[in-house]
Amino acid sequence: FIYYILFLKKTLLKFNPDRLIVINGGYPGGLLCRSATICWGLYCGEKKTIHNFHNFAIPVNKFNVFENLIDKLVEKYSSVLISVSHCAAESLRIRESFKITKKIKFIYNGVVKKDNYIYVDMRGKLSIDKEYKVCLMLGTYEERKGHTFILNAFEQVLISNSNTVLIMAGYGSPLEIKKVVDYAKKIGVDKNVIFLDYVDEINNLFAISDVLLIGSQEFESFGLTAVEAMLNYVPVVSTDTGGLKEVINNNEGGFVFNKKDHLAFAKKIVELLNDDCMRLEQGIKGHNRVKNMFSASKMAEMYRNEIQ
């Protein structure tokens, strides 16, 4: 910690910047990030700083003197503490030094529609029959992302909609992916599920998808894939974990359900797959919601207002 402070002091005094924005993961995140905020307060006086954290805060033992001291200094020297959703921002109050602070705010992530990507016919590439509907799940193959929940819901979908394919794509270790594949085989849906690694050009997947499915069970501070899907006119069916219920408003491009209720979740998927007009309507509503609430320009404007 002392080394970071001295190193950053040298850098700050050399370049004499006007503002500081610290971009962090969850709180507390990296010690270097917190050191930057503290160093800025010690040596740059009244110049503004934003301490940004992108995921939920975790608790700290009240007897951990070092961590609590760092928290007090971060709170003192931050002009504002910003996260990506209301629930993620308010999670900071779980730590004693931030319980009553008035500096906590949130600014939703913003996205830009990417139109200059290289088009690939994913339906042809993945040998998906043109008569089949396509459900899509994007997310790392971690247990918290709810692959088991999605597969349980998809099992119910196939009872009435057998001509449906589920694409699962994301980063994951061989062991993590194997666990998901094995579970799909166990419940007998594997022949209708396509497992992919991370796909760089996700717009190609959105182009063939009828519904995006999000099954997150915990630690979902925002829900970027939901925003990206809605921007591409793809309706979303999601669990109500964390920031997802802020990003998705029922009947405005998507629907949220209790993270344990895979039956209700499946019922809405079937309803969307069977009603072309409903899918189109929800796609348009979702696109408009993103343009109004989650544009990159709006996000930039809000950060600019905080840092001026």
Would you tell me whether [X] and [Y] have side-chain atoms, one donor and one acceptor, within less than 3.5 Å of each other?
X    : Y    : answer
N251 : Q282 : yes
K285 : N249 : no
D71  : Y27  : yes
K113 : N232 : yes
N258 : D240 : no
E75  : T101 : yes
N152 : Y183 : yes

Short N-O contact, R34 and E67, less than 4.0 angstrom
yes
Is [X] reaching over with its side chain to a backbone N or O of [Y], donor-acceptor style, under 3.5 angstrom?
X    : Y    : answer
T239 : F257 : no
N61  : F63  : yes
S79  : T49  : yes
K72  : F98  : no

Report yes if the distance between the aromatic ring centroids of F149 and F265 is under 6.0 Å, otherwise no.
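Yes, the ring of F149 comes within the 6.0 Å limit of the ring of F265, centre to centre.
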Taking all non-hydrogen atoms of both residues into account, name the closest pair between [X] and [Y] and its distance.
X    : Y    : answer
V120 : N204 : N-OD1, 3.0 Å
A266 : Q156 : CB-CB, 3.6 Å
A226 : V236 : O-CG2, 3.9 Å
L8   : S35  : CD1-C, 3.8 Å
M122 : I208 : CB-CD1, 3.7 Å
Y132 : T164 : CD2-N, 3.6 Å

Once you round to the nearest 0.5 Å, how far does [atom1] of [X] lie from [atom2] of [Y]?
X    : Y    : atom1 : atom2 : result
S162 : K191 : OG    : NZ    : 14.0 Å
H147 : F195 : NE2   : CZ    : 8.5 Å
Y77  : Y43  : OH    : OH    : 9.5 Å
S83  : F53  : OG    : CZ    : 4.5 Å

N16 vs K47, test: side-chain hydrogen bond (donor to acceptor under 3.5 Å, both in side chains). Steps then yes/no.
CA-CA 11 Å; N16 191 30; K47 292 181 179 179; 2.9 Å; yes
Going through the distances and angles, do E306 and K48 end up as a salt bridge (charged side-chain N to carboxylate O under 4.0 Å, His left out)?
CA-CA 9 Å; E306 292 294 342; K48 285 188 176 180; over 6 Å; no
Which residues satisfy the side chain to side chain donor-acceptor pair (under 3.5 Å) test with Y233, sequence neighbours excluded?
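Y233 satisfies side chain to side chain donor-acceptor pair (under 3.5 Å) with H287 once adjacent residues are dropped.
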Side-chain donor-acceptor pairs of residues 298-305 under 3.5 Å, sequence neighbours excluded:
| unit_1 | atom_1 | unit_2 | atom_2 | d |
| --- | --- | --- | --- | --- |
| K298 | NZ | N292 | O | 3.3 |
| Y303 | OH | N52 | ND2 | 2.5 |
| N305 | ND2 | E301 | O | 3.3 |

Angle between ring planes, Y108 versus F222, binned at 30° and 60°: parallel, tilted or perpendicular?
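The arrangement is tilted - the two ring planes meet at 30° to 60°.
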List the atom pairs, donor and acceptor, that lie under 3.5 Å between side-chain atoms in residues 170-179 and the rest of the protein, sequence neighbours left out.
| unit_1 | atom_1 | unit_2 | atom_2 | d |
| --- | --- | --- | --- | --- |
| S173 | OG | E176 | N | 3.1 |
| S173 | OG | E176 | OE1 | 3.4 |
| E176 | OE1 | S173 | N | 2.9 |
| K178 | NZ | D182 | OD2 | 2.7 |

Decide if atom CG of L13 counts as having more than 12 heavy atoms of other residues, nucleotides or ligands within a radius under 6.0 Å.
yes
I'd like to know if I248 and M278 are part of one continuous hydrophobic network [Ile/Leu/Val/Met/Phe/Trp/Tyr, side-chain heavy atoms within less than 4.5 Å].
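No, no single cluster joins them.
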Using the rule that Ile, Leu, Val, Met, Phe, Trp and Tyr join whenever any side-chain heavy atoms are under 4.5 Å apart, tell me whether L32 and V60 fall into a single cluster.
no
